[in-house]
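One structure below.
Worth saying up front: this structure is predicted, and the values here are computed from it rather than measured. Just so you know, these numbers use all the heavy atoms, side chains as well, and skip hydrogens, waters and symmetry mates.
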Amino acid sequence: MLKDHKFRQHLFLTFSGPEKLKKGKTYIYPNLSKEELIGHITAYFRVEQKDLIYPAKSYCVAIIYALLLEEYFGEDFYHTLNDPELFQNTDQYFLPYSQNKEIYDQVLLQLKEEGTFPQLNLELDQVQTTVNCFKDEFFVNFTDLKKLVQDLAFQA
């Protein structure tokens, strides 16, 4: 049986599709050096980003989702970050924690030292957008799942 948050995410993706989560311009740079990748990831949490760069964005969204799944659903941060199904196969650039522990650990250490983790800077548009996407994707404002399913089925 699916966990509550996985069920909610599945409902969202079934009825809305993953393209609803994609916002803004994105660029793909698969050959970033380790230092460049870490720089792009940490910048996401520190300064306004007009353009989002993959695979850095995947790390950022994973970190934010892991924090929010802990806050809203009581899931363990590192367990969530290590879940290969965190995005239900909608993000081809996502690597679970165990597959790139060195990058995650360096990023989290830098963010903690700067005071930008685990508190999120919601004044940054890209962070607020990610939080809003999370809340939509996991139906955070819905407590009655039976009514939610009925409402979604009615809209389809």
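When all heavy atoms are compared, the tightest approach of Pro84 to Pro96 is CA-CG, 3.8 Å. Closest non-hydrogen pair, Leu37 versus Pro55, comes out as CD1-CG, 4.0 Å. For the residue pair His40 and Ala56, the shortest heavy atom distance occurs at CB-CB, 3.6 Å. Contact record, Ser58 with Tyr93: OG-CB, 3.3 Å, taken as the closest heavy-atom pair.
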Just list the side-chain donor-acceptor pairs under 3.5 Å for residues 108-118, sequence neighbours left out, or say none.
{"residue": "Thr116", "atom": "OG1", "partner": "Leu111", "partner atom": "O", "Å": "3.3"}

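Considering Leu86, Thr80, Leu81, Asp83 in turn, Leu81 is the only one that fulfils the side chain to side chain contact (heavy atoms under 4.5 Å, CB included) rule with Tyr97. Exactly one of Phe77, Phe94, Tyr59 qualifies for a ring-ring contact (aromatic ring centres under 6.0 Å, His included) with Tyr104. That residue is Tyr59.
Here Ile41 contributes atom CD1 and Cys60 contributes atom SG; the two are 5.5 Å apart, rounded to the nearest 0.5 Å. Atom CG of Asn132 is separated from atom CG of Leu122 by 8.5 Å, given to the nearest 0.5 angstrom. Separation of atoms CG (Leu120) and CG (Leu68) is listed at 6.0 Å; rounding is to 0.5 Å. Taken from CG in Leu69 to CD1 in Ile64, the straight-line distance is 12.0 Å, to the nearest 0.5 Å. For the atom pair CG of Leu124 and CD of Gln126, the computed distance is 5.0 Å after rounding to the nearest 0.5 Å.
When the salt bridge (Lys or Arg N to Asp or Glu O under 4.0 Å) test is applied to Glu102, the partners found at least two apart in sequence or on another chain are Lys34. The side-chain contact (heavy atoms from CB on, under 4.5 Å) test applied to Gln119 returns no partner, not counting sequence neighbours.
For the residue pair Thr130/Tyr44, the side-chain donor-acceptor check at 3.5 Å is satisfied.
Here the side chain of Glu70 pairs no donor or acceptor atom with the backbone of Leu67 at under 3.5 angstrom.
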Trace of the side chain to side chain contact (heavy atoms under 4.5 Å, CB included) decision for Val61 with Asp91: CA-CA 10 Å; Val61 175; Asp91 183 342; 5.8 Å; no

Glu48 vs Asp125, side chain to side chain contact (heavy atoms under 4.5 Å, CB included): CA-CA, chis, key distance, verdict: CA-CA 7 Å; Glu48 202 68 48; Asp125 185 56; 2.7 Å; yes

Steps toward side chain to side chain contact (heavy atoms under 4.5 Å, CB included) verdict (Glu85, Asn89): CA-CA 6 Å; Glu85 297 294 316; Asn89 299 314; 3.4 Å; yes

Derivation and outcome, side chain to side chain contact (heavy atoms under 4.5 Å, CB included), residues Phe134 and Val140: CA-CA 8 Å; Phe134 172 89; Val140 168; 3.7 Å; yes

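Contact annotation: the side chain of His5 approaches that of Glu75 to within less than 4.5 Å [non-hydrogen atoms, C-beta and beyond].
Residues Phe138 and Tyr65 bring their aromatic ring centres within 6.0 Å.
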